[in-house]
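Worksheet: the structure to be examined is printed underneath.
Quantities reported herein were computed from a predicted structural model and do not represent experimental measurements. Values reported hereafter were calculated over all heavy atoms of this structure, with side chains retained and with hydrogens, waters and symmetry mates removed.
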Amino acid sequence: MGAGQLYPMLVIDAGNTSVKFATVARAGAAPRLVGTVATAQITAARVRALCGKVRAGSTVASCVVPRVAKVLRAGCPGVVIIGRGTKLTFATEVDRRTVGADRLANMAEAVRRFGTSVLVVDCGTAATFDLLDKDGRFAGGAIAPGVRTLAMALTKNTAQLPVVEAKPPKTFTGRNTREALRAGVVGGYAGMVTHLLRQLPAKHVVFTGGDAKMVARLTGVAAIVDPRWTLKGVAVLGGLNAHEARK
């Protein structure tokens with residue numbers, strides 16, 4: 001693959017809730033979102049249609065849903081999906097067999113942006129807390145339910161509790177069931193996140209994912225909020241591995 005064929009690069013972030021497609025014009029450029037499809041509704045035809053909208057020199061994906069990986073390959077045969085054999089821009093202490101591609105992409109962008117001492121909090125269906133340590137190594141992290149997943153689990157496993165809105169509570173002394181749920185689930189969630197931030201200290205804190213802005217506001221910590229952080233990391237790993245393939 002020649003340098004002229006690498007960009008524009010189509011980058012894909014396939015999570016449990018949605019699949020995002022973006023283009024990157026050149027190395028280090030910000031991803032430009034070109035489409036988002038609910039994970040439950042993704043098909044090879046939709047992938048083919050989205051890929052056909054852009055003239056990409058290469059396509060790279062992070063995917064944490066095995067079914068969707070098959071759909072991506074069917075809809076875009078040339079796609080490179082980040083996996084165990086993907087070359088990384090950082091050393092790691094984690095078990096590569098068990099770590100999702102999105103977490104690796106998040107660390108790749110952390111290295112590119114800051115180099116060392118970064119905690120990336122990815123707030124989606126699951127919430128991941130991944131630490132790039134002071135030596136620039138992926139030290140590991142924590143996985144918790146996302147705030148909406150937690151709310152839905154409570155509703156699903158009780159007889160009369162409604163679905164709680166994922167919004168900051170106005171008060172912690174809820175005067176009806178919905179207010180009490182927002183205080184306990186959403187307000188309490190902030191406590192869990194804050195505790196994990198203390199356990200995983202870093203000079204730089206980044207929130208990404210669909211609920212990044214809300215969770216960052218709940219905790220009140222000084223942090224970067226960047227919903228496209230993972231897409232940027234996918235582009236970093238895509239560029240590195242294309243370069244390695246040309247050697």
_Does R96 have more than 12 heavy atoms from other residues, nucleotides or ligands lying within 6.0 Å of its CZ?_
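Enclosed: over 12 neighbouring heavy atoms sit under 6.0 Å from CZ of R96.
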*asked:* For residues 134-147, which residue pairs pass the side-chain hydrogen bond (donor to acceptor under 3.5 Å, both in side chains) check, not counting sequence neighbours?
replied: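 Pairs touching residues 134-147 that pass the test: E93-R137.
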Quick one: [atom1] on [X] to [atom2] on [Y], what's the gap to the nearest 0.5 Å?
| X | Y | atom1 | atom2 | result |
| --- | --- | --- | --- | --- |
| N106 | S62 | CG | OG | 8.0 Å |
| K213 | D211 | NZ | CG | 12.5 Å |
| R26 | Y7 | CZ | OH | 10.5 Å |
| M214 | F207 | CE | CZ | 11.0 Å |
| I12 | C76 | CD1 | SG | 6.0 Å |

Under 3.5 Å: donor-acceptor pair, side chain of [X], backbone of [Y]:
| X | Y | answer |
| --- | --- | --- |
| K232 | P31 | no |
| S58 | L6 | yes |
| R148 | G124 | no |
| S117 | D133 | no |
| R46 | V37 | no |
| N241 | K87 | yes |

Sub-4.5 Å side-chain heavy-atom contact between [X] and [Y]:
| X | Y | result |
| --- | --- | --- |
| L161 | T177 | yes |
| R32 | V34 | yes |
| L33 | R228 | yes |
| V47 | T43 | no |
| P162 | T155 | no |
| T86 | L104 | no |
| V121 | V215 | no |
| N16 | T39 | no |

Restricting to non-hydrogen atoms, name the atom on [X] and the atom on [Y] that form the minimum distance, rounded to 0.1 Å.
| X | Y | answer |
| --- | --- | --- |
| F129 | A144 | CE1-CB, 4.4 Å |
| V164 | A151 | CG1-CB, 3.0 Å |
| G136 | T116 | N-CG2, 3.6 Å |
| V120 | M107 | CG2-CE, 3.7 Å |
| C51 | L10 | SG-CD2, 3.6 Å |
| V24 | A235 | CG2-CB, 3.9 Å |

_Suppose the criterion is ring pair (Phe, Tyr, Trp, His ring centres under 6.0 Å): which pairs have a residue in residues 33-60, not counting sequence neighbours?_
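Residue pairs with at least one partner in residues 33-60: there are none.
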Are [Y] and [X] connected in a single hydrophobic cluster, I mean Ile/Leu/Val/Met/Phe/Trp/Tyr linked by side-chain heavy atoms less than 4.5 Å apart?
| X | Y | answer |
| --- | --- | --- |
| V19 | L50 | yes |
| V236 | F114 | no |
| L119 | W229 | no |
| V80 | V71 | no |
| L72 | V65 | yes |

*Donor on one side chain, acceptor on other, T36 and S18, under 3.5 Å*: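 No, no side-chain donor-acceptor contact under 3.5 Å.
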_Which label fits F90 and F138: parallel for a plane angle under 30°, tilted from 30 to 60°, or perpendicular past 60°?_
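The arrangement is perpendicular - the two ring planes meet at more than 60°.
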*asked:* What verdict does the side chain to side chain contact (heavy atoms under 4.5 Å, CB included) test give for I82 and V60, after you've listed the backbone C-alpha separation in whole Å, the side-chain angles of each residue and the deciding distance to 0.1 Å?
replied: CA-CA 7 Å; I82 295 168; V60 187; 4.2 Å; yes
Pairs where [range] contributes a residue and the test salt bridge (charged side-chain N to carboxylate O under 4.0 Å, His left out) is met, not counting sequence neighbours:
| range | result |
| --- | --- |
| residues 162-172 | E165-K167, E165-R182 |
| residues 98-120 | R103-D130, E109-R112 |
| residues 65-81 | none |

Exercise answer: donor-acceptor pairs, residues 183-199 side-chain atoms, under 3.5 Å, sequence neighbours excluded:
{"from": "Y189", "atom 1": "OH", "to": "P145", "atom 2": "O", "distance (Å)": "2.8"}
{"from": "T194", "atom 1": "OG1", "to": "A190", "atom 2": "O", "distance (Å)": "2.8"}

*asked:* Using the side chain to side chain contact (heavy atoms under 4.5 Å, CB included) definition, which of the options L231, V54, T59 pairs with T23?
replied: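 Option passing the side chain to side chain contact (heavy atoms under 4.5 Å, CB included) with T23: V54.
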